[in-house]
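Notes follow once the structure below has been shown.
In what follows, chains are A, B, ... by sequence order, proteins preceding strands, each numbered from 1.
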2 protein chains.
Amino acid sequence: MVTIKDVAKYANVSIATVSRALNKDDNKVKPETREKVLHAVKELGFYPNAIARSLHHKKTKMIGLIIQDISNPYYPRIVRGVEDAAQKHGYTVVLANVYRSRQRTQNYLKIFREKRLDGVIICGGGIVKNAEQDNFFKENIMSTVVIGKPLVDDLHSVQVNNFLAAKDACEYLINCGHKKIVTITGPKESTTANDRLEGYKAALMKYGIEPKEEWIIQGDFQYESGYNAIDYFPGIGKDKITAVFSQNDVMAIGVIKALRERGFEIPKDISVIGFDDTLFTASHGLSSVAVPVYDLGKTAMTILADLLAGNDVPLITTLPTKLIIRETC
Amino acid sequence: MVTIKDVAKYANVSIATVSRALNKDDNKVKPETREKVLHAVKELGFYPNAIARSLHHKKTKMIGLIIQDISNPYYPRIVRGVEDAAQKHGYTVVLANVYRSRQRTQNYLKIFREKRLDGVIICGGGIVKNAEQDNFFKENIMSTVVIGKPLVDDLHSVQVNNFLAAKDACEYLINCGHKKIVTITGPKESTTANDRLEGYKAALMKYGIEPKEEWIIQGDFQYESGYNAIDYFPGIGKDKITAVFSQNDVMAIGVIKALRERGFEIPKDISVIGFDDTLFTASHGLSSVAVPVYDLGKTAMTILADLLAGNDVPLITTLPTKLIIRETC
DNA sequence: CTGAAAGCGCTTACAG
DNA sequence: CTGAAAGCGCTTACAG
């Protein structure tokens, strides 16, 4: 591997000069000298060692991105948003799927710290309150931006108002004449799921409908839990249940599949509304609450870059959602 | 940031000793001394600087993963496979979406080189033959594994036999009685798409059917191109077209949507078969050729780790596909 | 078993 | 405008 020394020798200058010639902003080097250096660089195929540079600058120009599971269609666009913005600001992203495991999260946080990443973006329920992680963030070892609700105070975040969005969606159903509405929830630890659940309840209450225990069906944001939810429905039909508010799309697609297999027509027999509006909801004709996932990612990265540049950034940034009505309700 | 020096001072030993105590494999350090060091480490919250370590070892324990577009459902599981295997082998992955852009690919390759990543996995059509990239691989600057068909010789790869898989799928259609089959292709530069196209042709020819020009509809692996493909169909019905072989699922879901909107029933009026068997094909009841994407990723990373460990690895590893018949044909 | 020293490949204050 | 030198935070051969 060719080093700065080789270039210096080849160009007949000191390594200090090579360094200066390469860091453009520094115009304290004679044009001819720079030419010589640039020529040597090309000739030898020199690629400056970013590791050595990092050691000096104490910056790696890399950030970590912690997500729960890239194969959940909610995440890819977030990743894209983060990466596009990262690229724009000169950062490179290290990806970490933690599958909601505290262990894996901790492990990656440790690796990120050792590798001296400049910052980290944490997506969703990763940050379970817990001594060691708490320390990690409290000590402010790494600039951090959370996508979603941070469980640790003082962390910057970009969010969506899940409570209101869920409430709106459910109110829409109620205004369509539905009075008995089931909801399929996300995992218990998820604050996102929790907010959506509260929004559901609030909508019902607003219209004087008492949300029954049996209407709240525990899901986990996975397809199967939507598909199986039907087994827990307290019956389907005018006097039973006429609509389902699925707290994400994947589960909504699951219920729809199960519903159709049992001969129910949608929305004739029962309405379904999802959440997230991820890829393919359109092809399923699924009504859903659109979450601007790409922008969540992009904004999070932009905020992180700002933070790293020493700029002031508001603690919470909220992005708007949008109810999209298609064919399932 | 606390350094090895601080730990040494705190523990009253030299930094060499701290280093030795921390690199467990080195048992040339007295147990009591190690205790002292470990205590200091905990007390001070010391996290060894991997950057400094890398500078010495000339290894970063990071690999780059170049994919075309994470929001295409084909990729997330590959990424997962790569990351899981990477984690197992002690590597961390840097993600790069290049959107089939040669420019972006080149740019990332440069960054990877400067950051001294240990290796790189390239997914799909990224490697367009081209002087500079050619050099990159020829000079063997970074260990490389390609998922798909490498356009540069001598590169390790893990693949699937797209030709055979496509041929099998089309033969299946023919054996079901179809004689007039349309195919929707991927982008022209994609070798994957090309192999699938050849497989399609071969199947038809084998049964004495001459594949007509008009049966081959140019797509680009995106939903829209599937949805719009119908406009180029030479008519639908017994004497026109009775089946479509879509070269990926996303486009298949697009055609199905378009077909249904125009009142056609599937598979009664027309059969559809996709390729890849990515997420949600099941919920659409789409028949498809299952590509073991997770395993492609996992295997690629395993091979890369082997390469980096100096082991011998066969140049090409081929993984099996599987035709999965569901409701659309 | 432990320490002093050299080295990894850069950058930058300090002289000149 | 340019060079010699110190320093970033580690690891490891070399002595002892």
Round to a whole Å and report the spacing from [atom1] of [X] to [atom2] of [N].
X: A/Leu55; N: D/dA6; atom1: CG; atom2: C1'; result: 13 Å
X: B/Glu35; N: C/dC1; atom1: CD; atom2: P; result: 14 Å
X: B/Ile15; N: C/dA5; atom1: CD1; atom2: C1'; result: 10 Å
X: A/Phe46; N: C/dG9; atom1: CZ; atom2: C1'; result: 8 Å
X: B/Arg34; N: C/dT2; atom1: CZ; atom2: C1'; result: 13 Å
X: A/Lys115; N: D/dC10; atom1: NZ; atom2: P; result: 14 Å
X: A/Ile51; N: C/dG7; atom1: CD1; atom2: C1'; result: 16 Å
X: B/Lys36; N: C/dC1; atom1: NZ; atom2: P; result: 14 Å

>> Can you tell whether the side chains of A/Asp84 and B/Arg104 come within less than 4.0 Å, N to carboxylate O?
In response: yes

>> Looking at B/Asp69 and B/Arg100, is any side-chain nitrogen of the basic one under 4.0 Å from a carboxylate oxygen of the acidic one?
In response: no

Please confirm whether the shortest side-chain N or O distance from [X] to OP1 or OP2 of [N] is below 4.0 Å.
X: A/Thr33; N: D/dT2; result: yes
X: B/His57; N: D/dT12; result: yes
X: B/Thr17; N: C/dT2; result: no

> With rounding to whole Å, what would you report as the distance between D/dT12 and D/dG16 at their C1' atoms?
Replying inline: 16 Å

>> Using the P atom as the point on both nucleotides, what is the distance between D/dT2 and D/dA6, in whole Å?
In response: 23 Å

> Does the side-chain hydrogen bond (donor to acceptor under 3.5 Å, both in side chains) test come out yes or no for A/Tyr108 and B/Gln87, once each step is laid out?
Replying inline: CA-CA 10 Å; A/Tyr108 263 117; B/Gln87 165 117 340; 3.1 Å; yes

>> Checking base pairs now: Watson-Crick or wobble, both atom distances under 3.5 Å. What partners C/dA4?
In response: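 Partner of C/dA4: none.
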
>> Counting only Watson-Crick pairs (N1-N3 plus N6-O4 or O6-N4) and G-U wobbles (N1-O2, O6-N3), all under 3.5 Å, who is the partner of D/dA13?
In response: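 Partner of D/dA13: none.
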
> So, does A/Asp118 use its side chain to make a donor-acceptor pair with the main chain of A/Lys61 at under 3.5 Å?
Replying inline: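 It does hold such a pair.
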
If you check every side-chain atom of [X], which of [options] has the closest atom?
X: A/Arg20; options: C/dC10, C/dA13, C/dT11; answer: C/dA13
X: A/Ile4; options: C/dC8, C/dT11, C/dT2; answer: C/dT11
X: B/Ala16; options: D/dT2, C/dA4, C/dG9; answer: C/dA4
X: A/Lys58; options: D/dC1, D/dG9, C/dC10; answer: D/dG9
X: A/Ser14; options: C/dC10, C/dC1, D/dA4; answer: D/dA4
X: A/Asn49; options: C/dC10, C/dT11, D/dC10; answer: C/dC10
X: B/Ser19; options: D/dG9, D/dT12, D/dG3; answer: D/dT12

> Pick the nucleotide of DNA chain C nearest each of A/Met1 and A/His56; which residue has the one closer to the 5' end?
Replying inline: A/Met1

> How far apart are the C-alpha atoms of B/Ser14 and B/Thr17, what are their side-chain angles, what is the distance that settles it, and do they pass the side-chain hydrogen bond (donor to acceptor under 3.5 Å, both in side chains) test?
Replying inline: CA-CA 5 Å; B/Ser14 73; B/Thr17 299; 3.2 Å; yes

>> Does any part of the side chain of A/Ile67, heavy atoms only, come nearer than 4.5 Å to the side chain of A/Ile122, both counted from C-beta?
In response: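 The answer is no, as the side chains (C-beta and beyond) never meet within the 4.5 Å cut-off.
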
